[in-house]
Student: 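Structure provided below as structure tokens; questions to follow.
Atoms within a ligand are numbered from 1 in the order they appear, just like the ligands themselves. Note: hydrogens, waters and symmetry copies are ignored here, and every other heavy atom, side chains too, is used.
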Amino acid sequence: MQTRCATAVACPNIAFIKYWGNRDDDLRLPANGSISMNLAGLETITTVTFDPKLKDDEFIFDGVPQTGPALARVSTHLDRLRNRAGSALKARVESRNNFPQGAGIASSASGFAALTAAGSAALGMTLSERELSLLARRESGSASRSIPAGFVEWYAADSDEESFAESIAPPEHWALLDVIAILDSRPKSVGSAEGNRLARTSHLQPVRVADAPRRLEICRRAVMDRDFTLLAEIVEEDTRRMHEVMRTSTPPLNYLLPATEELMRAIPDWRAHGLPAAFSIDAGPNVHCLCPEESAAEVERRLRENTAVRQILRARPGGGARIL
Ligand code: PMV
């Protein structure tokens, strides 16, 4: 038997309407649907080599061989791909991010999207975008949204086959920028997979989930009409609702730093005074400041005035996962 190898690239995404909490933890079926934008220029590149000589899977990240939970997660995902292809071959997975390591940008979305695309290609499977999205979802919910291009919606459903993500508009649909203010680059103490399991312990989660169809509808309309004011309001509301659920979980989760909260007050104020900008915050303290391209320079200037901001990254709407 020969070695079989493929390389894929994928970018992370920022959710406008967030995924937080599952209706089924094993299948990773989300409690609510979500909408996101892929982040161009931030990339994970992954090469998967199935090799008959390997006795175990290997995972090398940014040149460093991984063990423990990081390797176990990759191996579990490779098992899904192997089961599907009817293969027992072990694999070497070499992955690197072109964005600063530990910048606090979630890499599980781009990482598992790239692994799904490269792994399935290396096993000789030709899967549709929908099938790739379904598979990526099983290891990281947000990875399902890094498979299709541009502005993406991931559907909540009660069955494995129906909960996939698809593009609602291509990257060139809207020159929207994500100006990312990095406040802290340390790994978070509670990962998003564990956080997602805690969501159901908050009394606010059922309210947040029940209202999701309304937020999704407004967000979809804002994206389709390129209506920044509408987008800004719904994105900020959705972020606040998710962080309220986190704070009222048992045990409670608080990912925000004082500077995050300062910017959550300042950014809507900038908007009220004529600068189009909106915040979105994931399971970490960093602030994603969304804005139309023409306001990006001024947004960046103001973010830099905050002494807690260590680094700034900018991303346009990005493409989907692809084989190189
Ligand atoms: O799929 P995960 O484990 O990366 O969870 C993502 C959770 C958030 O980033 C907080 C929200 C989202 O929809 O991306």
Student: Would you check ligand 1 and list the protein residues that come within less than 4.0 Å of it by any heavy atom, ordered by chain and number?
Tutor: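 Within 4.0 Å of ligand 1, protein side: Ala15, Lys18, Tyr19, Trp20, Ser108, Ser140, Gly141, Ser142, Arg145, Ser192, Asn196, Met242, Asp282, Ala283.
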Student: Rounded to the nearest 0.5 Å, how far apart are CE of Met242 and NZ of Lys18?
Tutor: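 Output value for this atom pair is 5.0 Å.
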Student: For Tyr255, give me all partners under side chain to side chain donor-acceptor pair (under 3.5 Å), at least two apart in sequence or on another chain.
Tutor: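 Tyr255 satisfies side chain to side chain donor-acceptor pair (under 3.5 Å) with no residue once adjacent residues are dropped.
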Student: Ring of Trp270, cation from Arg302 - is the NZ or CZ under 6.0 Å from the centre and inside 45° of the axis?
Tutor: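 Cation-pi check for Arg302 and Trp270: passes.
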Student: Of all the heavy-atom pairs spanning Ser163 and Arg137, show the shortest one and how long it is.
Tutor: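 Residues Ser163 and Arg137, closest heavy atoms: O-NH1, 2.9 Å.
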Student: Holding to side chain to side chain donor-acceptor pair (under 3.5 Å), I want the full list of residues that pass it with Glu131, two or more places apart in sequence or in another chain.
Tutor: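 Side chain to side chain donor-acceptor pair (under 3.5 Å) list for Glu131, sorted by chain: Arg84, Ser128.
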Student: Does anything in residues 215-235 form a salt bridge (Lys or Arg N to Asp or Glu O under 4.0 Å)? List the pairs, not counting sequence neighbours.
Tutor: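 Qualifying pairs, neighbours excluded: Glu153-Arg220, Asp211-Arg215, Arg215-Asp238, Glu217-Arg220, Glu217-Arg221.
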